2 protein chains.
Amino acid sequence: MQRYEATAEARANIALTKYWGNADDRLRIPANESISMTLDRTRTVTTVSFRADLKADEVVVDDRPLAGAALERVVRHLDLFRDLAGTTWRARVVSHNNFPTGAGIASSASGFAALTVACAGALGLDLSPRDLSRLARRGSGSAARSIFGGFVLLHTGPSDEDAFAEPLHGPDWWEVCDLVVVVSRSEKKTPSTAGHHLARTSPLHLARVARVAALNERLRQALAERDFATVGEIAEEDALLMHAVMMTSRPSLIYWLPETMAIIHRVRRWREEGVQAYFTIDAGPNVHVLTLPEHVDRLLTDLRADPVVQEVLLCRPGRGASLMG
Amino acid sequence: MQRYEATAEARANIALTKYWGNADDRLRIPANESISMTLDRTRTVTTVSFRADLKADEVVVDDRPLAGAALERVVRHLDLFRDLAGTTWRARVVSHNNFPTGAGIASSASGFAALTVACAGALGLDLSPRDLSRLARRGSGSAARSIFGGFVLLHTGPSDEDAFAEPLHGPDWWEVCDLVVVVSRSEKKTPSTAGHHLARTSPLHLARVARVAALNERLRQALAERDFATVGEIAEEDALLMHAVMMTSRPSLIYWLPETMAIIHRVRRWREEGVQAYFTIDAGPNVHVLTLPEHVDRLLTDLRADPVVQEVLLCRPGRGASLMG
């Protein structure tokens, strides 16, 4: 049986400045630039086989076949690659996440980054990392950043060509730690893709977009200078800005839970006690606590003693997406 | 002994659209117009005696003498009236709140409204309600609204003369209910007066000011039409807008506690269940639940069974400030 097959791995990332809202929904061109850190302990491994004998695309994630809108989203992504390669063959996609679903880490970034690299590898497409990042973006905006390791900037602009990711510093540049604090495993009511469409309905959206441009300038400099206080302050400010936009969009999206609020205040108390810890929060209730290696033991001790905390996952800067085997 | 004395009463109010941030800090001219409902069960009674024999102003609130910044603020207010009356006599002020301090209701609005009316009465100043509202504003912005009963608009503008309160509808216009849900009695770290100065440091402040102007237009119409869903939606949106500004100001002010978040979600679940309930939150952790009389029993039952709730105070539209006896 004829087949074109490849396996790729990719990792999730935590946005220090967030992607929230699109300038172009169809092409997933973000309304603002964002900067992230790729996370080492959040790996997705995906195998794609384009085969002549398949009648329809089949997608299995963590041993469960996808259907409905989730399947459709992957099929559209496969279509991009079929168009580039000039084939009509359907594909079988098998993907495994080594981090639990609902662990406070979206699998769409690592998932679409791994899928993108696997598709390009399977079909023998000669694409630059920049091109891969643009293609990954079509599946999930934040997936564009997971093409690269370490600290990554996702550009934006008027056209598809402008919205690519660029590595700022590799994973060895700086050992920033991200403690992923899981306070709830329940599914969020509004998935990020739907939420992005709502961003522009917030009266605060344009003010945030303008502010993030200034924050990104300062963040690039702070990363270059390894200035942790500035990185943390910016991450915390933009997390609050993004949730302000979410809460004031129509309909209003409130992702925070009581437990989220408890961790937010815990982080601020740590700082009052001289511990360098800052929070950031994605489109969900779980909290990422950014810190430096010398504070990790203290924070883990406090977090594990906290009854609102279900689990803590310690991540450091991770590598970019790559073909395997 | 010569004295000029009067006693006045006034009530607190809940802002449906908030006053947050000043166009002029010294004159307390608000950055945006706000609309409130005066609350019946939140009465302050204040007696002012201007006396020839006093060496300094004395202020006693709920049997405790004021000192420091709190005393200074009242002295400056008394100075306004001494200037108007052409006297240098010092005053003794005795004030009682019939609602517990820290019950989720600021006493500054009722306190400065009662103080204003008592001062004018004691000194025999012939001032219109509009003038009284402008003077009350100098002590506390929201006190301007407590001069009037029912539903009240606080105007703003470039000068002191522009920033006066105006009654939109009397207390009998509409029986909107405000369930004041107390989840914490601890003192807030940043008093409102300090917070107002920070509003303009938020990148979201100007976007909120622009939005509130549009919300106030719609709110006036909704109050005129007794359209509760619109009133509630606007109140909830502007509460979120104001807290978005607070959280993103420098320094960042996060007034919400885990318990606040629990009530926010409770209110949204009530609406999913068909109960007309909306939240608004002032500069603190406690939540005001706005509803209509037919839902009060249900909400009180649920709230009193909720372990995060310390106390619930049921308020309806109240009367404006007046001289007593």
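Remember, predicted model here, so these are calculated numbers, not experimental data. Naming convention: chains lettered A, B, ... in sequence-line order (proteins, then strands); numbering from 1 in each chain.
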Residues two or more places apart in sequence or in another chain: which of them pass ring pair (Phe, Tyr, Trp, His ring centres under 6.0 Å) with A/H243? A/W256
Does A/E237 reach the side chain of B/R250, with side-chain heavy atoms less than 4.5 Å apart? yes
Heavy atom to heavy atom, less than 4.5 Å: which residues from residues 207-232 of chain B reach chain A? B/A207, B/R208, B/R211
Could you measure the distance from the [atom1] atom of [X] to the [atom2] atom of [Y]? Nearest 0.5 Å is fine.
{"X": "B/L204", "Y": "A/L206", "atom1": "CG", "atom2": "CG", "answer": "11.5 Å"}
{"X": "A/E236", "Y": "B/I254", "atom1": "CD", "atom2": "CD1", "answer": "6.5 Å"}
{"X": "A/S202", "Y": "B/L241", "atom1": "OG", "atom2": "CG", "answer": "7.0 Å"}

Pair A/L257, B/H265 - check side-chain contact (heavy atoms from CB on, under 4.5 Å), show working. CA-CA 8 Å; A/L257 295 177; B/H265 287 292; 4.1 Å; yes
Answer with side chain, backbone, both or neither: which region of B/I264 has an atom nearer than 4.5 Å to a non-hydrogen atom of chain A? side chain
